[in-house]
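All values reported here derive from a predicted model rather than from experimental measurement. All residue numbers refer to positions in the sequence shown, counting from 1.
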Amino acid sequence: MTHGSLFSGIGGFDLAAEWMGWENVFHCEINEFCLKVINYYWPDSEIYRDIKLFNATKFKNIIDVLSGGWPCQKYSIAGSKAGEEPLKDEFVRIIREIEAPWLCLENVGNFIGKQFAKEHDELCLQLEDMGYETQTFDIDAASCGLPTVERHIWIVATSDSFRQKRIIPKAFQNVKTQQREFQGSYQREAFRWDVPESRVCQLGEGISYKLDGITVSKWHGEMIQATGNAIPPQVAYEIFKAIEQFEKVT
């Protein structure tokens with residue numbers, strides 16, 4: 001299968017696609033450090049830097065799975081929680097241009113919180129107006145084997161399945177919480193401090209503490225920021241496996 005990613009970061013979705021044996025056709029990312037990482041691991045993929053200038057019509061009928069997580073600063077618990085997020089609209093524009101059979105969208109857990117519930121529902125309606133059937137999943141990273149409790153919201157959409165009539169509920173009945181642990185998981189720890197190791201904060205990076213603030217301080221800081229913004233590829237991998245399994249059955 002073919003895969004393209006938007007807001008690619010350091011390539012979390014693309015790594016999951018590589019694990020699947022899929023072809024990473026293009027990436028779209030503006031951060032210079034992230035671009036170095038992407039270019040190193042996927043030198044044969046096309047790179048687009050500014051999503052606002054990205055005309056994706058050439059990829060129509062080429063991309064099987066389009067993925068990405070638009071900026072989360074507005075929705076994060078530590079974010080502004082105010083203002084517009086125009087880059088999400090750019091994401092929707094490119095979805096219209098490519099018309100990929102499958103979409104996998106990601107953002108922080110608070111995107112389905114009370115303050116942004118309407119925005120979440122409007123996004124799902126936009127996708128359904130394009131002919132997609134959507135489903136939102138609430139999955140934490142620990143359920144897929146990562147040593148961190150980190151909730152993400154994943155919106156999976158397909159245009160190949162039969163569309164069901166959408167009934168606007170008072171509560172989000174189309175949000176599913178992961179109830180089982182995937183193989184190799186940490187059994188969904190209830191408390192963050194029970195997690196054996198963090199992905200960042202000098203514990204899970206494989207960098208010697210003695211190097212901090214010396215020769216690689218700038219690189220180390222950029223790495224922490226990029227890792228903190230990254231999606232957990234193990235979760236995307238489980239979603240991608242389900243997509244491929246569905247494709248084989250149908």
Side-chain angles (χ1 to χ4, degrees), residues 1-18 20 22-32 34-35 37-39 41-42 44-75 83-108 111-112 116 119-137 152-161 163 226 229-231 233 235-236 239-240 243-244 247:
M1 297 181 71
T2 55
H3 171 255
S5 66
L6 304 172
F7 308 105
S8 304
I10 54 175
F13 277 110
D14 310 283
L15 180 60
E18 184 175 279
M20 291 295 302
W22 297 354
E23 177 188 358
N24 285 308
V25 178
F26 72 81
H27 314 270
C28 186
E29 175 57 49
I30 199 169
N31 180 272
E32 290 295 330
C34 293
L35 285 173
V37 176
I38 291 172
N39 280 320
Y41 286 104
W42 297 283
D44 297 327
S45 301
E46 295 191 40
I47 294 287
Y48 297 88
R49 292 175 176 250
D50 191 341
I51 192 171
K52 292 181 286 188
L53 303 177
F54 181 22
N55 185 335
T57 53
K58 63 178 287 187
F59 296 109
K60 185 176 181 179
N61 299 322
I62 293 177
I63 300 299
D64 295 314
V65 181
L66 178 65
S67 67
W70 68 98
C72 65
Q73 285 79 3
K74 171 184 175 181
Y75 316 104
E84 301 296 325
E85 181 43 75
L87 293 182
K88 179 165 62 67
D89 296 331
E90 294 293 338
F91 201 159
V92 173
R93 172 184 64 81
I94 292 178
I95 289 173
R96 292 183 187 276
E97 291 177 353
I98 294 180
E99 295 182 356
W102 288 93
L103 308 175
C104 185
L105 285 59
E106 176 273 343
N107 215 280
V108 294
F111 185 57
I112 59 169
F116 302 110
E119 188 171 341
H120 164 268
D121 202 47
E122 288 174 348
L123 175 59
C124 292
L125 286 172
Q126 282 182 293
L127 298 178
E128 292 180 358
D129 286 343
M130 288 185 240
Y132 288 97
E133 181 179 341
T134 66
Q135 180 67 68
T136 301
F137 298 90
H152 290 253
I153 297 303
W154 307 79
I155 300 176
V156 182
T158 177
S159 60
D160 281 345
S161 58
R163 294 187 64 196
N229 289 331
I231 65 115
V235 181
I239 294 173
F240 287 174
I243 290 174
E244 187 167 274
E247 286 291 319

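The aromatic rings of Phe54 and Phe59 sit perpendicular, their planes meeting at an angle over 60°, well past the 30° parallel limit. The aromatic rings of Phe91 and Trp70 sit perpendicular to each other, their planes meeting at more than 60°, with 30° as the lower class boundary.
Comment: Lys60 engages Glu99 in a salt bridge, judged by a side-chain N to carboxylate O separation of less than 4.0 angstrom. A salt bridge does not link Glu122 to Lys88: none of the charged side-chain nitrogens sits closer than 4.0 Å to a carboxylate oxygen.
The backbone N or O of Val25 sits nowhere less than 3.5 Å from a side-chain atom of Glu23 that would complete a donor-acceptor pair. One N or O on the side chain of Ser8 and one on the backbone of Cys28 form a donor-acceptor pair closer than 3.5 Å. Using a distance-only test at 3.5 Å, with no hydrogens or angles considered, a donor-acceptor pair links the side chain of Asp64 to the main chain of Thr2. A side-chain donor-acceptor contact under 3.5 Å links Glu97 to the backbone of Ala56.
Between Pro233 and Phe13, the closest side-chain pair of non-hydrogen atoms is not below 4.5 Å. Within the 4.5 Å cutoff, the side chain of Gln135 has no heavy atoms near those of the Thr158 side chain. The closest side-chain heavy-atom distance from Ile153 to Glu106 is not below 4.5 Å. A heavy-atom distance below 4.5 Å is found between the side chains of Leu35 and Ile47. Between Glu128 and Glu133, every side-chain heavy-atom pair lies at or beyond the 4.5 Å cut-off. Between Trp154 and Leu105, the closest side-chain pair of non-hydrogen atoms is not below 4.5 Å. The side-chain heavy atoms of Val235 and Ile231, taken from C-beta on, include no pair separated by under 4.5 Å. In this structure, the side chains of Val156 and Ile239 come closer than 4.5 Å at one or more pairs of heavy atoms.
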Self-check item: Residue pair Tyr41, Glu18: steps toward the side-chain contact (heavy atoms from CB on, under 4.5 Å) verdict
Solution: CA-CA 10 Å; Tyr41 286 104; Glu18 184 175 279; 5.6 Å; no

Exercise. Could you walk me through whether Glu244 and Met20 pass side-chain contact (heavy atoms from CB on, under 4.5 Å), step by step?
Key: CA-CA 9 Å; Glu244 187 167 274; Met20 291 295 302; 3.5 Å; yes

Self-check item: side-chain contact (heavy atoms from CB on, under 4.5 Å) between Glu247 and Met1, intermediate numbers included
Solution: CA-CA 10 Å; Glu247 286 291 319; Met1 297 181 71; 4.0 Å; yes

Exercise. Tell me, with the steps shown, if Leu66 and Phe26 meet side-chain contact (heavy atoms from CB on, under 4.5 Å).
Key: CA-CA 10 Å; Leu66 178 65; Phe26 72 81; 3.8 Å; yes

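Atom CG of residue Leu6 and atom CD1 of residue Ile51 lie 4.5 Å apart, to the nearest 0.5 angstrom. Here the OG1 atom belonging to Thr136 is positioned 8.0 Å from the CG atom belonging to Leu123, to the nearest 0.5 angstrom. For the atom pair Ile243 CD1 and Trp22 CH2, the distance stands at 5.0 Å (nearest 0.5 Å). Distance check: Asn55 CG to Ile94 CD1 gives 9.0 Å after rounding to the nearest 0.5 Å. Ile30 contributes atom CD1, which lies 8.5 Å from atom CZ of Arg49 (distance to the nearest 0.5 angstrom). A distance of 11.5 Å separates CG in Leu15 from OG in Ser5, rounded to the nearest 0.5 Å.
Checked against a 6.0 Å centroid threshold, the rings of His3 and Phe240 count as neighbours.
Contact detail for Gly9 and Glu29: the closest heavy-atom pair is N-OE1, 2.7 Å. Listed here is the closest heavy atom pair of Val37 and Ile10: CG1-O, 3.8 Å. Nearest heavy-atom pair across Gly11 and Trp42 is O-CH2, 3.6 Å. Between Ile155 and Cys124, the shortest heavy-atom distance links the atoms CD1-SG, 4.5 Å.
For Ser45 and Asn24, the side-chain atoms include no donor-acceptor pair closer than 3.5 Å.
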